[in-house]
Undergrad: 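Please see the structure below; I have some questions.
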Amino acid sequence: MSRRPTAAALAAALIVGGIAAVLTAAAPAPAHAAPPPCTPGDCFTVTVALDRAPAVGQDATLAVEVTAKQDIPDATTIIELPDTLRWVRPPAGLSHAAATIGRSPVDRASRTERARRGTPVRYEGVVTAVAPGPASIRVHARDGRPGPSSEGLAYLTIGEKSSIFGMRRERLSRPAQTLAPAATPAGDTCVHGRVTHVEADTGTVRGTPSVSVEAWDKDEGEGEAPDLLGKVVTDAAGGYKVCFPGTDEDGSGQDVYLTVSTVAPLWTVEEPGTGAGLDYFANSTVMKDVPKGTDTTTIDYAAAPGDEMEGAFRIMAAVYDTWKAYTGWLNQPADDCWKPGEAACRRVTVKWKPDTVLTHSYYCPAVSSECDSRFQVRLDASAQMQKMTIAHELGHFIMDYTHDRMPPHAPSCQEHFITDPVESPACAWTEGWADWVAVQTYGDTHYRWGPTDTPVDLESPTWFSQGWSSGDTVEGRVAGALLDLADAGPRNEKYWDVAGLGPAAVVAAFRKAPADDIDQFLTGLSEDDRFLARSVLFQNTIGGPRYDDIFDRKIARWPANVPLLPVFTTTAGKWSVVAAVANPATGANVDLDVYPPDHAKVPLASSDGVAANADFIAVQPASADDAYVAGAASDADYQEYALEVAEAPDGDLEKNAFTEFTMGADRLVEIRTARLEQGQPATFVVTPRNGQDVDLFVMTPTSGVWGLPRSRALRSAVGGPGKAERLSISNPKVSGVYAVIVIKRSGEGGLSLARM
């Protein structure tokens with residue numbers, strides 16, 4: 001069972017006693033990355049225009065204009081031409097090559113150059129239409145940072161004789177339905193098959209889950225409406241099976257086709273601006289005369305490349321992935337609602353159109369000028385290729401639906417990016433939770449956008465990570481903390497990533513009560529798990545200063561310059577020593593600072609200046625037990641250092657006597673004591689038994705101070721590996737108990753310490 005160590009509790013008590021300012025001042029202040037002038041995804045304005053909508057065989061002039069919102073030395077513009085179009089004359093200065101999105105070929109032209117703030121860069125070329133169908137000309141503009149691109153889009157539907165901008169105007173008519181939504185009549189004949197699409201990121205053909213499948217009998221008579229034979233929903237692999245009476249009115253087999261649509265029991269994908277909503281639907285080919293009494297007929301439906309059904313199915317699959325992951329974390333297998341226990345589970349509506357560009361995708365927590373209903377997600381045209389964007393927006397829906405509210409934050413929270421600070425911890429919690437839902441849904445460690453965008457690593461960043469701001473107002477820090485709370489084993493990082501609660505525990509804590517920030521979220525955890533969570537938050541730069549314990553002769557390794565305050569205790573009447581050294585010794589130098597709890601005592605520092613030389617401070621015997629805080633600073637942020645405290649054992653070294661002890665690979669410092677009388681010479685010799693290299697120090701008791709730095713000690717360090725170190729005091733000036741300190745530089749094994 002986890003519990004708070006004694007020294008940490010003592011440190012907390014010291015704060016109550018009025019030394020918080022001293023201890024807090026002891027923590028080195030980490031450097032924060034300056035927020036960039038623009039947010040990835042919003043660093044450029046991009047316009048894309050064709051002078052006409054070309055039919056097959058016709059040409060059109062394509063003009064792209066990219067304007068940077070700041071000076072950018074490495075601005076990259078990418079123009080993606082679908083395979084329904086070809087370059088007649090590509091824009092000057094752009095290199096281009098074949099690529100694929102999913103399995104759809106594109107011609108990807110690009111250029112990287114310096115961009116000046118407010119100065120448009122124009123690219124112009126000529127294209128020709130080579131095949132009918134939808135055509136998306138996508139333009140991406142980005143700087144060198146990870147994150148989404150700024151995007152522009154020209155969308156047209158190419159025809160053999162004429163073309164239009166936007167989606168096709170003619171839509172399939174939909175016959176009246178005669179069956180209840182989930183009904184399928186008993187039948188002696190069945191058809192089965194699979195509904196599929198191609199994933200944008202992997203190019204894999206995937207079955208589309210939770211698609212509504214209607215089986216219709218196509219009657220050939222003039223003016224006769226088709227008959228609805230049955231209605232089902234596809235399974236997790238996109239499979240379906242529907243059964244019906246196999247004899248048509250004329251005595252032959254049924255002529256069967258499918259209507260597939262983006263309506264699922266708990267979500268729907270619809271076109272925006274269609275009032276009550278128009279889902280996406282399409283028909284399969286007709287299978288004539290399905291043999292009566294058989295279960296052998298297969299009717300598949302595969303979304304065509306570039307078609308709106310492909311994009312809608314990608315969205316359907318991402319919503320299913322999020323629902324499946326989240327309801328799995330709920331640990332309530334009997335209830336598949338987003339919110340367990342609901343008599344009628346809320347359906348989330350996803351609004352998307354392949355030719356509609358938004359400044360950003362967003363969730364609607366209320367009716368507004370941008371949202372015609374609550375519990376609605378609005379997606380940009382490119383979001384069909386960004387499954388984590390879809391899962392992120394559903395994370396907002398889950399928060400709103402679970403607690404019937406969202407944390408209070410200003411509208412400025414709409415402008416946010418993973419690595420940058422936002423206006424409040426509430427905003428960072430809201431967005432960080434949604435980031436976590438997205439990344440955890442896919443078992444990933446990186447947040448990913450479109451195929452040409454560089455992902456952001458959420459797992460690895462910690463103190464001083466390049467490009468990251470710190471603290472509880474950074475959504476990526478919140479998301480990283482939630483990831484670390486959930487993960488375990490090889491994904492646990494060094495130092496404070498000590499949890500491994502699993503995503504179910506994270507969701508259980510989230511559901512306990514609405515939280516306005518990640519600190520409130522922690523109240524949903526047990527006391528033991530909260531203690532672990534505080535470590536995880538610190539790993540992700542949330543919280544501080546942090547108190548960690550140093551135990552006698554138990555070496556600790558931590559990074560320098562973080563707001564960490566290691567605490568150790570001393571025993572009345574005994575010498576103690578605390579030492580720190582860069583690890584490895586070839587790293588940047590580390591200096592040691594020790595802060596006593598008493599305002600009347602002056603903090604001490606030890607700064608040898610050589611990384612391989614351990615700094616130490618010896619604490620003199622006192623009349624009562626005490627506590628101290630040690631800190632390490634370095635010229636290099638996050639330089640690891642080894643820190644160890646040792647307390648002198650009972651008994652002094654007698655003249656002409658020796659003691660044996662062992663310093664293993666995990667040891668740095670050892671201490672013994674010897675009583676010397678004024679004017680009576682003494683010699684100390686430490687002899688390594690196993691080839692180690694050690695230094696020998698003797699510290700003279702000094703009145704009026706609580707401790708003594710390395711610079712006040714006598715030292716012997718001339719022997720080298722395997723050699724004894726000898727230190728003589730020919731004329732002690734003070735009578736009293738001296739500290740004899742051994743610092744191990746390398747090796748491990750037994751040592752002999754003698755007093756001559």
Side-chain angles (χ1 to χ4, degrees), residues 322 325-327 329-332 337-342 346 348 362-366 374-375 391-414 416 418 421-441 447 458 469-487 496-497 499-544 546:
T322 310
Y326 184 75
T327 54
W329 304 332
L330 289 173
N331 278 337
Q332 298 189 39
C337 181
W338 303 96
K339 183 178 180 181
E342 293 286 276
R346 175 72 62 179
V348 60
Y362 57 92
Y363 170 70
C364 299
R374 188 183 177 189
F375 303 124
H392 173 99
E393 301 307 335
L394 289 169
H396 291 316
F397 161 72
I398 289 167
M399 179 176 282
D400 189 18
Y401 185 27
T402 299
H403 298 300
D404 198 29
R405 56 159 288 216
M406 297 287 281
H409 56 266
S412 60
C413 190
Q414 292 180 359
H416 61 88
I418 285 176
V422 289
E423 52 117 26
S424 70
C427 177
W429 163 243
T430 303
E431 298 301 333
W433 161 260
D435 292 340
W436 176 78
V437 168
V439 175
Q440 191 72 49
T441 289
Y447 194 101
L458 290 178
S469 296
S470 298
D472 65 355
T473 60
V474 181
E475 65 174 277
R477 298 300 194 181
V478 172
L482 295 176
L483 276 180
D484 286 343
L485 279 174
D487 65 22
W496 299 283
D497 184 2
L501 308 181
V506 173
V507 169
F510 160 77
R511 293 183 59 234
K512 287 282 180 68
D516 289 341
D517 54 43
I518 193 168
D519 199 57
Q520 287 186 17
F521 158 78
L522 294 188
T523 62
L525 296 169
S526 68
E527 183 178 355
D528 285 348
D529 288 346
R530 263 199 313 275
F531 178 63
L532 296 176
R534 291 292 180 192
S535 293
V536 167
L537 263 61
F538 189 76
Q539 174 77 15
N540 290 275
T541 76
I542 299 174
R546 173 183 172 80

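Note: hydrogens, waters and symmetry copies are ignored here, and every other heavy atom, side chains too, is used.
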Undergrad: Any idea which heavy atoms bring Ala499 and Val536 closest together, and the distance?
TA: CB-CG2, 3.7 Å

Undergrad: Using 4.0 Å as the upper bound for N to carboxylate O, is an ion pair formed by Arg374 and Asp404?
TA: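 Arg374 and Asp404: salt-bridged.
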
Undergrad: Ignoring hydrogens, what is the shortest heavy-atom contact between Val422 and Ala428? Give both atom names and the distance.
TA: CG2-N, 3.6 Å

Undergrad: Determine yes or no for a side-chain-to-main-chain donor-acceptor pair under 3.5 angstrom, with Thr523 supplying the side chain and Gln520 the backbone.
TA: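 Confirmed, Thr523 side chain pairs with Gln520 backbone.
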
Undergrad: Nearest 0.5 Å please: distance from the CG atom of Asp472 over to the SG atom of Cys427.
TA: 11.5 Å

Undergrad: How long is the span from the CG atom in Leu522 to the CZ atom in Arg534, to the nearest 0.5 Å?
TA: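 Spacing of CG (Leu522) from CZ (Arg534) equals 4.5 Å.
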
Undergrad: Is the closest side-chain heavy-atom distance between Asp487 and Asp497 below 4.5 Å?
TA: yes

Undergrad: Answer yes or no: is there a donor N or O on one side and an acceptor on the other, between the side chain of Glu423 and the main chain of Cys413, under 3.5 Å?
TA: no

Undergrad: Do you know which two heavy atoms are closest between Ala479 and Gly432, and how far apart they sit?
TA: CB-O, 3.5 Å

Undergrad: Look at the side chain of Tyr401 and the backbone N and O of Arg346, then say whether any donor-acceptor pair between them is shorter than 3.5 Å.
TA: yes

Undergrad: Say you draw a straight line from OG1 of Thr402 to CD of Glu342; how long is it, rounded to the nearest 0.5 Å?
TA: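 One gets 9.0 Å once the value is rounded to the nearest 0.5 Å.
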
Undergrad: With a 4.0 Å cut-off, would you call Arg477 and Asp435 a salt bridge?
TA: no

Undergrad: Working to the nearest 0.5 angstrom, can you tell me the gap between Glu475 CD and Leu458 CG?
TA: 9.0 Å

Undergrad: Could you tell me which residues satisfy ring-ring contact (aromatic ring centres under 6.0 Å, His included) with His396, sequence neighbours excluded, listed by chain and number?
TA: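 Applying ring-ring contact (aromatic ring centres under 6.0 Å, His included) to His396 gives His392.
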
Undergrad: Using the rule given for side-chain contact (heavy atoms from CB on, under 4.5 Å), can you reason through Val478 versus Phe521, listing the C-alpha separation, both sets of side-chain angles and the distance that settles it, and then say yes or no?
TA: CA-CA 11 Å; Val478 172; Phe521 158 78; over 6 Å; no

Undergrad: Could you label the plane-to-plane angle of the Trp329 and Tyr326 rings as parallel, tilted or perpendicular, counting under 30° as parallel and over 60° as perpendicular?
TA: perpendicular

Undergrad: For a quick test of reading the model, state the closest non-hydrogen atom pair linking Trp429 to Ala515 and the distance between them.
TA: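 Heavy atoms of Trp429 and Ala515 come nearest at NE1-O, 3.3 Å.
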
Undergrad: Give the ring-plane orientation class for Phe397 versus Trp338, where under 30° counts as parallel, over 60° as perpendicular and anything between as tilted.
TA: perpendicular

Undergrad: Taking all heavy atoms of Val507 and all of Trp436, pick out the closest pair and write down the distance.
TA: CG2-CH2, 4.0 Å

Undergrad: Please name the pair of heavy atoms, one in Thr541 and one in Gly471, separated by the smallest distance, quoted to 0.1 Å.
TA: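 Heavy atoms of Thr541 and Gly471 come nearest at OG1-N, 3.1 Å.
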
Undergrad: Taking atom OG1 of Thr430 and atom CG of Asp517, what is their separation to the nearest 0.5 Å?
TA: 9.5 Å

Undergrad: Hey, is Asp519 close enough to Arg530 for a salt bridge, meaning N to O under 4.0 Å?
TA: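 No.
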
Undergrad: With rounding to the nearest 0.5 Å, note down the distance linking OH in Tyr363 to CE in Met399.
TA: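 Nearest 0.5 Å value for the OH-CE distance: 11.0 Å.
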
Undergrad: Do Arg511 and Ile398 have side-chain heavy atoms sitting under 4.5 Å apart?
TA: no

Undergrad: So Asp484 and Trp496, side-chain contact (heavy atoms from CB on, under 4.5 Å) or not? Walk me through it.
TA: CA-CA 10 Å; Asp484 286 343; Trp496 299 283; over 6 Å; no

Undergrad: Given the rule in the salt bridge (charged side-chain N to carboxylate O under 4.0 Å, His left out) test, do Lys339 and Asp400 qualify, once you have shown the distances and angles that lead to the verdict?
TA: CA-CA 10 Å; Lys339 183 178 180 181; Asp400 189 18; over 6 Å; no

Undergrad: How would you list, by chain and number, every residue that makes a side-chain contact (heavy atoms from CB on, under 4.5 Å) with Ala505, sequence neighbours excluded?
TA: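 Expected list: Leu501.
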
Undergrad: Please report the C-alpha distance between Arg546 and Ser535 in whole Å, then the side-chain angles of each, then the deciding distance to 0.1 Å, and finally whether the side-chain contact (heavy atoms from CB on, under 4.5 Å) criterion is met.
TA: CA-CA 9 Å; Arg546 173 183 172 80; Ser535 293; 2.7 Å; yes

